[in-house]
Protein chains: 2
Amino acid sequence: MRKISQKTIERIIIYRKLLKCFQEAGETQTYSYKIANMLNTKPSQVRRDLMEIGYSGSPAHGYNIEELIKAITKLIDSPNAEPVVIVGVGNLGRAIMDYSNSIDSNLKIIAGFDNNERKVNKVFHGIRVFHIDNLKKILNDNKVKIAIITTNRESAQSVALDLINFGVNGILNFTPAKLNLPSSIIVENIDMLVSLEKVAFFSRNI
Amino acid sequence: MRKISQKTIERIIIYRKLLKCFQEAGETQTYSYKIANMLNTKPSQVRRDLMEIGYSGSPAHGYNIEELIKAITKLIDSPNAEPVVIVGVGNLGRAIMDYSNSIDSNLKIIAGFDNNERKVNKVFHGIRVFHIDNLKKILNDNKVKIAIITTNRESAQSVALDLINFGVNGILNFTPAKLNLPSSIIVENIDMLVSLEKVAFFSRNI
């Protein structure tokens with residue numbers, strides 16, 4: 001398979017989300033212009049992205065929604081359950097544990113970590129919290145490759161380096177810290193303030 | 001001012017975040033290639049974005065960090081405090097209230113809303129929770145334009161429509177719902193699952 005860019009993968013994941021909406025609404029076929037319309041993008045972009053994963057619609061009938069969801073799922077989802085850990089069990093960490101429990105996904109949070117003794121050994125939303133000192137053992141035992149960081153800004157960089165040392169290669173960073181990591185590591189930053197500032201800017205300038 | 005695209009604004013907000021890091025590290029000047037390096041983008045993209053906001057560096061000395069931060073701040077930040085409300089006071093809502101309290105920004109969450117009587121009139125991180133029935137009055141009284149939605153997926157669309165009816169034109173949507181709103185409304189979606197699936201995909205395919 002040709003290397004697919006991060007932006008393309010992100011769009012394809014969003015297409016699947018939208019296709020599932022269409023499906024729940026009872027539709028069976030759709031067109032690139034319908035997908036594009038909902039996402040403020042161009043039909044040509046949608047067609048190009050889907051061709052990259054080896055999928056072309058028919059000009060007359062468009063895309064079969066069920067088949068397209070299956071094709072995207074085959075590309076994106078792990079065929080097996082994939083363990084994820086979360087470091088930092090504050091409000092945000094617990095919100096994510098709660099959310100991850102409520103979704104149908106092969107990605108499962110198997111453990112939380114914190115250095116606050118009052119949180120250690122507690123179970124939130126079915127997920128046990130361990131002391132951060134156990135990070136290496138639990139990551140190794142479970143061959144964990146993916147981690148979510150919800151610590152404070154100050155701890156994020158050193159936590160990320162530990163995670164990488166213990167085998168993690170994919171990080172979802174919810175802290176405002178700018179992580180400085182080897183380029184072989186995939187990092188996705190979710191910074192609420194960036195998004196909020198963007199909304200506020202356009203809210204004033206509409 | 002020429003209309004600046006959402007993508008450009010988002011990048012400029014991220015540049016500022018990075019520039020503040022450089023500043024804390026004691027630097028006073030920087031170059032487009034340094035900014036680009038940290039963000040996996042091209043120096044030409046950085047220069048183009050900054051020229052769009054009327055800012056050019058010198059080839060010999062690059063950009064003055066302090067001046068550039070000021071220029072971005074003047075463009076992006078509201079000169080006055082701007083009220084924000086949050087609808088849905090679960091773990092995620094409370095995590096965001098906590099976070100918003102800890103940051104230095106003109107964007108201030110002034111009220112939370114929920115339909116759960118046990119949460120109404122409680123104060124979390126200094127922010128009072130009101131019953132959702134008070135939405136219209138509080139939005140009007142405070143001329144609120146920006147709202148954060150952290151309800152469940154099922155309530156998100158109707159909450160968004162209410163918010164718009166009562167004067168909101170900028171929405172940060174943390175639910176997995178795909179909101180269907182007038183194109184005059186600015187919506188930013190933060191869907192953790194999309195980000196997590198993307199990280200997992202590249203973690204497997206590195």
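What you are looking at is a predicted structure, and each value in this text was computed from that prediction instead of being measured. Here is how names work: the chains are called A, B, and so on, in the same order as the sequence lines, proteins then strands, and each is numbered from 1.
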Does any heavy atom of chain B fall under 4.5 Å from the side chain of A:K178, the backbone, both, or neither of them? side chain
If one checks every heavy atom of A:N189 against chain B at 4.5 Å, the contacting part turns out to be neither
Separation between CG (B:N37) and OG (A:S183), nearest 0.5 Å, reads 11.0 Å
Is the number of heavy atoms from other residues, nucleotides or ligands under 6.0 Å of B:E27 CD greater than 12? yes
Under 4.5 Å from a heavy atom of chain B, the part of A:L18 involved: side chain
Nearest 0.5 Å please: distance from the CZ atom of B:F202 over to the OG atom of A:S5. 6.5 Å
Under a 4.5 Å heavy-atom cutoff, which of A:R94, A:M192, A:K145 has the most pairs with chain B? A:M192
Flag yes if more than 12 heavy atoms outside B:K108 fall under 6.0 Å of its NZ atom; otherwise flag no. yes
Side-chain contact test, heavy atoms from C-beta onward, threshold under 4.5 Å: evaluate it for A:N91 versus B:H125 and give yes or no. yes
Quick check on B:L193 against chain A: is it the side chain, the backbone, both or neither that has a heavy atom closer than 4.5 Å? both
Spacing of A:I12 atom CD1 and B:K198 atom NZ [to the nearest 0.5 Å]: 12.0 Å
Interatomic spacing from CZ in A:F201 to CD in B:Q6 - rounded to 0.5 Å: 10.0 Å
Below 4.5 Å from any heavy atom of chain B, which atoms of A:L92 appear? Answer side chain, backbone, both or neither. both
Between B:A200 and A:L107, the two heavy atoms sitting closest are CB-CD2, 3.6 Å
Crowding at NZ, B:K70 (>12 non-hydrogen neighbours, <6.0 Å): no
Examine whether an atom of A:K20 lies under 4.5 Å from a heavy atom of chain B, and if so say whether it belongs to the side chain, the backbone or both; otherwise answer neither. neither
Would you mind checking which part of A:L196 comes under 4.5 Å of any heavy atom in chain B, side chain (CB onward), backbone (N, CA, C, O), both or neither? both
Let me know if B:E82 has heavy atoms under 4.5 Å from chain A in its side chain, its backbone, both or neither. side chain
Can you tell which of B:D77, B:V187, B:N106, B:I14 has the highest number of heavy-atom pairs within less than 4.5 Å of chain A? B:D77
Max heavy-atom pairs within cutoff under 4.5 Å with chain A, candidates B:S105, B:S78, B:A177, B:G93, goes to B:S78
Calculate, to the nearest 0.5 Å, the distance between atoms OG and CG belonging to A:S203 and B:L172 respectively. 12.0 Å
Separation between CG of B:D191 and NZ of A:K17, rounded to the nearest 0.5 Å: 3.5 Å
Just by distance, do the side chain of A:R204 and the backbone of B:I76 share a donor-acceptor pair under 3.5 Å? yes
Looking only at heavy atoms, the pair that brings B:I13 and A:E197 closest together is CG2-OE1, 3.1 Å
